[in-house]
Amino acid sequence: MSNNTKALDIRQVPQGRLAMWTLIAGELIIFGGLIAVYLLNRIRYPEWGAEAVHTSTMFGAINTCVLLLSSFTIVLAHNEANKNNIKRAQLYMFLTIVGGLAFLCIKSIEYSREISEGLTFTSPAMVAKGEGVKSLFWSFYYIMTGLHALHVIAGMTTIFIIMMQIGKGKNIHRVELAGMYWHMVDLVWIFLFPLLYIAK
Amino acid sequence: MNIFPENATTYGQEIDNLFYLILTFVAIAFVISVVVLFYPMFRYSEKRNPKAQYITGEKKSHFKWVMYALIMLAMSDFIIMYAEHGTWEKIEEDVPTDGIRVGITGIQWNWVFNYAGKDGKVMTADDIVINEANSELHVPINTNIIMELRARDVVHDVFLPNARTKYDVIPGRTHVKWANFTKVGKYEVVCSQICGVLHSKMRNYIVVDTKEDYDKYMAALYAKQDSANAPKPAAPAIDTTAKADSTKAADKK
Amino acid sequence: MEHGHKQSFASKYLFSTDHKVIGIQYITVGLLMAVIGGFLAYVFRYNLAFPGKDIPLFGQLLPQQYNTFITNHGMIMVFWVGMPILLSGLGNLLIPTMVGTDDMAFPFLNMLSFWIFTLSAIVLIAAFFVPGGAFGGGWTMYPPLSAGGYMNTSPDLLTALFSGTSLMILAVALEFVAMLMGGINFLVTTINKRAKGMTPWRIPLIVWFLDIASVIFMFSCGPLVAGAFMLLLDNIVGTGFFDASRGGDPILWQHLFWFFGHPEVYVLLLPALGVLGEIIPVFSRKPLFAYKTIIYLALASAVLSVVVWAHHQFVSGIDPRMATFFSVGTIIISIPFAGIFLAFMATLWGGSIKFTVPMMFALGFVALFLVGGLTGLFLGSNAFDIYAHDSYFVVAHFHYTLFPDIFFGFFAAFYFWFPKYLGKELNVTLGKIHFWLTTIFFNSTFFLLFFNGLHGQHRRINDYSFFGNVAMEPYSTFEKVATISAICLILSQLVFVLNLFKTLSSGKKAAKNPWNAATLEWVTDTPPIHGNFETFPEVYRGPYEYSVPDAKDDFIPQNVAN
């Protein structure tokens, strides 16, 4: 090993934060692409408005609140971590994970309601009736919310791992990074909610 | 040796001329660049010029030579753009409205041709469909042929080398393109977009007839259609597309 | 004891987090993939010249196999040769040493990136061995052909998942993940870990270009990732995102693909241009001409690169008026790149040029790319593109850009930096033979194909004797010339392999700074130790201080104070 003690540190932004911003930019472009494609199709097919009626605004709104609340708790966790209150930071992180779980539960209730109505990823009944265009709305609905749900799961896993790590006194600065990621997940939902639930 | 295959349309020559125009600019640019690249290799080799000069190129007086070259390039670019835009408009944007309408539908792996029939519209019940393998499309000379391009299964690409035209055919879309043939002959219609296993064998012909021959040919076709006289609702060749179209129409309601 | 030794081998050469080892790993995998890509090229080129004949080392090539081979040749050469060698390989090797630091910002992420990349290569190759074979619908994967239209994939989810089409989409997605991880590392390393005094305008050009390429990659691949997800679902669960009968749109994929696909060209081009930017000043003994302006031009082209994608779709059903817009964009983007190349040429003027092997490859790159770039003018003008689109003119054009880019760029870098990073001197005679054989056979392979294209030869056909316009003389002879040259081109790479192994086994130890170059990687030991620098260098000047008047030597390394 070389003598690294003289390593020069000219960083202005902490390394992790810089990487996280880059990752978030990349993720937002993926969702941005998907949302742009959805919007183009939405303009092309006005009949999608009638399909959006089947999505439950109430459940969507509750989920929005749940996610916003969990974003709030992760901010609190970051705040406590800065003050080195590990136990309280862990508590708030745990609450964030609970929020994520609640979000996923509500989402799955929604999914099961829709699936029982025959509105699935491919909606074969609609296609058989020759209403393929309408079934495409549901394909978009599932791919967008599904991809978002995957990010929720990824975020929860990350927060859980970091929660364990800070319990051992390691990587306390990573609470902030997890928070940034969670805010991104939240932000994407803020876009999805009006697009899929409110605009009918 | 001809650079291009035989030209058979009114606008084909314009494409060829465009090639020679661009070639002129490209050749000039090529010669200049080769001189600029190879002369210093000779003049400023280690042997002839053992001590290099210190030029950073950040000064305007140094960079101006690159600027001149870039301005020349930009100017030739825009001359080319200006020259070719008329051709582009003529071929792609200003599709004539009068003429004979034909349908060309790509399937795996052949072209299916539809004549408009008596109503002058393609993809209607009275179309005369030519879908036996390798049966050609007959068109008259010196007439606008308005081609409605469709695909039934995957993306294909109508390429008429002798007409210097080409367009993708996409499932669910109809592209209207045109050609006006000036020479009697039999020309290939090939598929220029990979479309599956036998893409290599996808080829059919457009036969350009004199007006008399064409009329004779069509009269025979109509006679055959009348004698068959089976009230076929829609020709089999247009099934899927027709259904897709009507689905869309129904959805719009 | 023996067990312990084995582990240290694995941690030193396989699961190393050292950026140099990872860079060499990337290049090695890239070269192995190039062997596969080259073999595919040999098989289908042979078939083109002698259709229906038995191919030596292979046998009969079926039409479906032909499609599979051309598709995978394109995929492999762009994504599994160009990307790992030029972007990840050179980036990993050079960035930390050139900015004067010990390693990447996230060494573990870097290792992970390499192994995900390797996994993606394995997935791609595995597709050849699943029932139905690999995907054969062109590397652009246009649906509906790629959405079940090719092999009519069964509705059974597992079979559909392990079909050639799905595996290719998965492989591309995995590769993107790997490259994104690498890109994050490049950016953070350059921004945060530079040596003291390494101000932005003292960063070597190639580091700038690698970072710009990473940014372009990150900002253009997002929509395609979303698109790949949709295409995969079309394949395995039967959604209709690209199915016209259900309201989907096949052209949507083309937009998503080319929105990424065209910037991808610049992702491949910029690192290779960076290589030129390092090599030409060293062997002209002259500062890089207009270093700052070059960087501004590259930034401008990065911005422009996202508004030119539809020139791949002039005849695919976009609005004809839109095509004019993209045609103008395409022609405008030629200007910054022409500026960069002119600056490289201007660097030669007034220099004292040494014709070493890396310099020969660098100059060969410029000369060949000139042909590729200028023929781009024909295709960029949308009216002529109506005729030339999807013809052999296009094939010849992009081989004249990508072959010099990927291979001449790589070979220049290889002959230039090999003595540094592997510590052995390469054989010069073999290097020069390699250069001349590659240049001659490359030209004789592809130049005649321009004429075939102009005579109406369309792409991706396994037997042109079927088509009247190209079955005639001299075009069928041209095909044969191209094939024989291509085989010679592949064989002449054996000179390179010979040189490589000869040097590795019995090469002379290289000096610390054999080329008298001024950038930081030449300051450290040869080969650089783990951690790169004994003491971290401090930077006092720009990277191209050659032939400075009144200086002692004809170059001043970046870490030398006055």
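Throughout, a chain's letter reflects where its sequence line sits, starting with A, and its residues are numbered from 1.
- Using a 4.5 Å cut-off between heavy atoms, B/P5 touches chain C through backbone and side chain atoms alike.
- Only the backbone of C/P143 has a heavy atom closer than 4.5 Å to any heavy atom of chain B.
- Of the residues considered (C/P287, C/A367, C/P336, C/G456), C/P287 shows the highest number of contacts with chain B, using heavy-atom pairs under 4.5 Å.
- Of all heavy-atom pairs between B/G57 and C/A290, the closest is O-CB, 3.5 Å.
- Remark: aromatic rings of B/F19 and C/Y387 are distant, center separation not under 6.0 Å.
- The part of C/R459 that comes within reach of chain B is its backbone (N, CA, C, O), which places non-hydrogen atoms under 4.5 angstrom from that chain.
- Summarising the geometry, atom CG belonging to B/L70 is positioned 7.0 Å from atom CD1 belonging to C/I335; distances are rounded to the nearest 0.5 Å.
- Distance check: C/H389 NE2 to B/Y167 OH gives 10.0 Å after rounding to the nearest 0.5 Å.
- The two residues B/Y54 and C/S547 come nearest to each other via the heavy atoms CB-O, 3.3 Å.
- When the candidates B/L160, B/I170, B/V169 are compared by the number of heavy-atom contacts under 4.5 Å with chain C, B/I170 comes out ahead.
- The nearest pair of heavy atoms linking C/N469 to B/N162 is ND2-OD1, 3.3 Å.
- Both the backbone and the side chain of B/H62 come within contact range of chain C, with heavy atoms under 4.5 Å apart.
- In this structure, the side chains of B/Q193 and C/R460 come closer than 4.5 Å at one or more pairs of heavy atoms.
- Residues passing the side chain to side chain contact (heavy atoms under 4.5 Å, CB included) test with C/S381, sequence neighbours excluded: B/I22, B/I80, B/E84, C/F384.
- Looking at B/M202, the atoms closer than 4.5 Å to chain C (heavy atoms on both sides) all sit in the backbone: N, CA, C or O.
- With hydrogens and angles left out, the side-chain atoms of C/N462 and B/S200 include a donor and acceptor closer than 3.5 Å.
- For B/H199, the parts lying near chain C are the backbone and the side chain together; criterion is any non-hydrogen pair under 4.5 Å.
- Two residues are said to be in side-chain contact when any heavy atoms from C-beta on lie closer than 4.5 Å; B/V197 and C/Q65 fail this criterion.
- Ranked by non-hydrogen atom pairs under 4.5 Å with chain B, the options C/I70, C/D319, C/V328 are led by C/V328.
- When side chains are defined from C-beta on, B/V26 does not count as touching C/T375, because their heavy atoms never get closer than 4.5 Å.
- When atom types are taken as modelled, the side chain of B/S192 and the backbone of C/D390 share a donor-acceptor pair closer than 3.5 angstrom.
- The choice from C/V470, C/I331, C/V366, C/D243 that makes the most heavy-atom pairs within less than 4.5 Å of chain B is C/I331.
- Neither the backbone nor the side chain of B/F25 comes within less than 4.5 Å of any heavy atom of chain C.
- In terms of modelled atom types and a separation under 3.5 Å, the side chain of B/E58 and the main chain of C/K292 share a donor-acceptor contact.
- Interatomic distance, CZ of C/F451 versus CG of B/N2, reported as 13.0 Å (0.5 Å rounding).
- In this structure, the side chain of C/S352 engages the main chain of B/N49 through a donor-acceptor pair within 3.5 Å.
- Ring geometry for B/F159 against C/H458 counts as perpendicular: the plane angle is over 60°, on a 0 to 90° scale with 30° as the lower cut.
- Between the side chain of C/D554 and the main chain of B/K51, no donor-acceptor pair closer than 3.5 Å is present.
- Residues C/Y291 and B/T56 have side chains not in contact (no heavy-atom distance under 4.5 Å, counting atoms from C-beta outward).
- The structure places CG of C/L374 at 11.5 Å from CD1 of B/I28, a figure rounded to the nearest 0.5 Å.
- Heavy-atom minimum distance, B/M81 versus C/T324: CE-O, 4.3 Å.
- Heavy-atom distances place no part of C/I294 under 4.5 Å from chain B, backbone and side chain included.
- Side chain of C/Y142 to backbone of B/V155: no donor-acceptor contact under 3.5 angstrom is found.
- Proximity to chain C is absent for every atom of B/L149, based on heavy atoms less than 4.5 angstrom apart.
- Residue C/L145 holds its CG atom at 7.0 Å from CD1 of B/I194, rounded to the nearest 0.5 Å.
- Residue C/L454 touches chain B through both its backbone and its side chain, counting heavy-atom pairs closer than 4.5 Å.
- Proximity to chain B is absent for every atom of C/Y464, based on heavy atoms less than 4.5 angstrom apart.
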Practice item. List the steps and the verdict of side-chain contact (heavy atoms from CB on, under 4.5 Å) for B/F78 and C/I332. Key: CA-CA 9 Å; B/F78 282 94; C/I332 288 175; 4.2 Å; yes
Next item on the list: Evaluate the side-chain contact (heavy atoms from CB on, under 4.5 Å) criterion for residues B/E92 and C/I386: first the C-alpha distance (whole Å), next the side-chain angles of each, then the deciding distance (0.1 Å), finally the verdict.
Entry: CA-CA 9 Å; B/E92 300 292 353; C/I386 300 171; 3.3 Å; yes
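- Heavy-atom pairs under 4.5 Å with chain B were tallied for C/Q457, C/M472, C/M345, C/R246; the largest tally goes to C/M345.
- With C/W349 contributing its side chain and B/V36 its backbone, the two residues share a donor-acceptor pair below 3.5 Å.
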* After noting the C-alpha distance and the side-chain angles of C/F289 and B/I55, does the key distance pass the side-chain contact (heavy atoms from CB on, under 4.5 Å) rule? -> CA-CA 7 Å; C/F289 189 85; B/I55 304 168; 4.2 Å; yes
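- When each of C/F283, C/F344, C/F314 is scored by its heavy-atom pairs under 4.5 Å with chain B, the top score falls to C/F314.
- B/M41 CE to C/S284 OG: the interatomic distance, rounded to the nearest 0.5 Å, is 9.5 Å.
- Both the backbone and the side chain of B/V34 come within less than 4.5 Å of a heavy atom in chain C.
- Residues satisfying the salt bridge (charged side-chain N to carboxylate O under 4.0 Å, His left out) test with B/R43, not counting sequence neighbours, are none.
- Screening residues 327-339 of chain C for side chain to side chain donor-acceptor pair (under 3.5 Å), with sequence neighbours left out, gives B/D77-C/S334, C/H311-C/T330.
- When the heavy atoms of residues 178-189 of chain B are compared with those of chain C, the residues falling under 4.5 Å are B/E188, listed by number.
- Between B/R173 and C/D249 a salt bridge is recorded (basic side-chain N to carboxylate O distance below 4.0 Å).
- Heavy-atom distances place the side chain of B/D157, and not its backbone, under 4.5 Å from chain C.
- Residues B/E46 and C/I353 form no side-chain contact, since every pair of their non-hydrogen atoms from C-beta on lies 4.5 Å or further apart.
- Across all non-hydrogen atoms, the minimal contact from B/F63 to C/T293 is CZ-CG2, 3.5 Å.
- For the options C/F467, C/Y546, C/F355, heavy-atom pairs under 4.5 Å to chain B are most numerous at C/F467.
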Could you give me the CA-CA distance, side-chain angles and deciding distance for B/Y44 and C/K286, then say whether side-chain contact (heavy atoms from CB on, under 4.5 Å) is met? CA-CA 11 Å; B/Y44 297 107; C/K286 219 182 135 240; over 6 Å; no
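- B/L73 touches chain C through its side chain: at least one heavy atom from C-beta onward sits under 4.5 Å away, while N, CA, C and O do not.
- Figure legend: B/K201 and C/F466 shown as a cation-pi pair, the cationic atom lying under 6.0 angstrom from the six-membered ring centre and within 45 degrees of its axis.
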